[in-house]
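So the structure is just underneath, and the comments pick up after that.
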Amino acid sequence: YVEASRGCPFKCEFCLSSLDKTAKTFTLDRFLDEMDRLYQQGARNFKFIDRTFNLKVSHSTAILQFFLDRMGAENSAGLMVHFEVIPDRLPDALKALLVQFPANSLQFEVGVQTFDPEVQSLISRRQDNEQTRANLKWLRQQTQAHIHADLIFGLPSDTLVGFADSFDQLYALGPQEIQLGILKRLRGAPINRHTAEYGMVYSPAPPYTVLQTRDIPFDELQRVGRFARYWDMFGNQGRFKHSLPLIMGDEPFARFLTFSDALFDHAQSTWKISLKRQFALLFELAPVVLAVAPEKLRTALQQDFERSGLKGQLDTVLNPPKTSKSGQANARQARHL
């Protein structure tokens, strides 16, 4: 974990960095010397913790060039760099370098958080949504960077409908990962000024997750929390590349929420669902709750199964042999022993 700058000039009220007066970059020559020392000692995975890596373009281009010069060099195998970037700031000088990075060497964390202009204004978040969409689209089409994009649910004045629209917009742009977070109340963060007006109720225990708001009842927050867990399981892991589009259709958020609700009713858990069982649950539930054609889904699941690394046959996973009651009792006893 390395840091090329400290602080943040933006005032997004959910973040403690909004209390910073400005952002300051460290002396570039000294910083690059330290990076070279780490590289010479064998470091190959560099995660930058800068809040706004691409704020000062001359600084960020020099750092990108430093790593680009080492890509493909002898003993550079596994070289990977991770940056958190401002989504609407991607000038040509940066683009010229980004297109040169090979696959599996560059990851961007892009904090979109919301596409709702009213929510953005309320929480003092400055973001050019049109430019953000254009930049994300360019990154996916013109570079081999891995894009990890963030959304937050439960912000003041946010609604389930508004959040769904943000998700659908982001999903259409095709980032490899969409991280869905529920708002947390950080001690001292300016967002606390909205607590009374917007009926913000937070858990009294860390990490102080929002439980309900004026516009979002408790049960909706719980539903989206389950959605986020299942999305991480079925969407972000990249295991269902062929099957997922059949689930999402032309209403991604609404359809996956329906699937999420059915999955929770069936499994009664959002944890410890094995990969084999994920295949079985998809095949069992999607045709029923989303009217996905079973044969079409089976074909997609077969493609995903072949690239999953699982052993055996898909049919065995989708239709496991039934065990007699005595066999089930013996299996439970064996697990107990």
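This is a predicted model, so every value here is computed, not measured.
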Q | Identified side-chain contact (heavy atoms from CB on, under 4.5 Å) partner of Ser166 from the options Phe115, Tyr171, Phe153 | A | Phe115
Q: Determine the sole option in Leu139, Leu136, Ile147 for which the side-chain contact (heavy atoms from CB on, under 4.5 Å) test with Pro175 is passed.
A: Ile147
Single-linkage hydrophobic cluster, 4.5 Å side-chain cutoff, [X] and [Y] together:
X      : Y      : value
Ile86  : Leu170 : no
Leu221 : Phe218 : no
Ile273 : Val288 : yes
Leu290 : Leu257 : yes
Val201 : Ile123 : no

Under 3.5 Å, is there a donor on one side chain and an acceptor on the other for [X] and [Y]?
X      : Y      : answer
Gln120 : Asn129 : yes
Asp215 : Thr159 : no
Asp50  : Ser5   : yes
His82  : Glu109 : yes
Glu13  : Ser18  : no
Asn192 : His194 : no
Asn319 : Asp315 : no

Answer yes when [X] and [Y] have at least one side-chain N-carboxylate O distance shorter than 4.0 Å, and no when they do not.
X      : Y      : answer
Asp261 : Arg223 : yes
Asp250 : Arg255 : no
Glu130 : Arg133 : no

Is there a donor-acceptor pair closer than 3.5 Å between any side-chain N or O of [X] and the backbone N or O of [Y]?
X      : Y      : value
Gln303 : Ser243 : no
Thr27  : Arg30  : no
Asp150 : Gln113 : no
Asp20  : Cys8   : yes
Lys241 : Arg239 : no
Ser60  : Lys56  : yes
Trp231 : Leu180 : no
Gln144 : Asn104 : no

For a 4.5 angstrom cut-off between non-hydrogen side-chain atoms, does [X] reach [Y]?
X      : Y      : value
Lys11  : Arg125 : no
Trp138 : Val99  : yes
Pro102 : Met71  : yes
Leu90  : Gln131 : no
Phe67  : Leu79  : yes
Phe53  : Ile63  : yes
Leu151 : Gln179 : no
Phe163 : Ile216 : no

Distance (rounded to the nearest 0.5 Å) between [X] [atom1] and [Y] [atom2]:
X      : Y      : atom1 : atom2 : result
Leu68  : Thr61  : CG    : OG1   : 11.5 Å
Leu275 : Met233 : CG    : CE    : 10.5 Å
Leu183 : Met200 : CG    : CE    : 5.0 Å
Gln278 : Leu310 : CD    : CG    : 9.5 Å
Asp304 : Thr299 : CG    : OG1   : 11.0 Å
His242 : Leu301 : NE2   : CG    : 11.0 Å

Q. Hey, mind stepping through Val2 and Lys47 against side chain to side chain contact (heavy atoms under 4.5 Å, CB included) and telling me if it holds?
A. CA-CA 6 Å; Val2 297; Lys47 184 168 184 178; over 6 Å; no
Q) Between Arg44 and Tyr39, is NZ or CZ placed under 6.0 angstrom from the six-membered ring centre and within 45° of the ring axis? A) yes
Q.
Would Arg229 pass as a cation-pi partner of Phe227, given that its NZ or CZ must be under 6.0 Å from the six-membered ring centre and within 45 degrees of the axis?
A. no
Q: Please report the closest heavy-atom contact between Val289 and Ala262, naming both atoms and the distance.
A: CG1-CB, 3.7 Å
Q | Shortest non-hydrogen contact between Leu263 and Leu285, atoms and distance | A | CA-CD1, 3.7 Å
Q: Under the salt bridge (charged side-chain N to carboxylate O under 4.0 Å, His left out) rule, what do Arg226 and Asp265 come out as? Steps first, then yes or no, please.
A: CA-CA 11 Å; Arg226 293 191 293 268; Asp265 287 342; over 6 Å; no
Q: Could you walk me through whether Phe108 and His148 pass the side chain to side chain contact (heavy atoms under 4.5 Å, CB included) test, one step at a time?
A: CA-CA 6 Å; Phe108 278 168; His148 173 114; over 6 Å; no
Q: Could you tell me if the ring centre of Tyr208 sits under 6.0 Å from that of Tyr202?
A: no
Q: Indicate, with yes or no, if the rings of Phe256 and Phe167 have centres closer together than 6.0 Å.
A: no
Q: Check the pair Asp36 / Arg70 against salt bridge (charged side-chain N to carboxylate O under 4.0 Å, His left out), numbers first and verdict last.
A: CA-CA 10 Å; Asp36 187 59; Arg70 286 154 180 77; 3.2 Å; yes
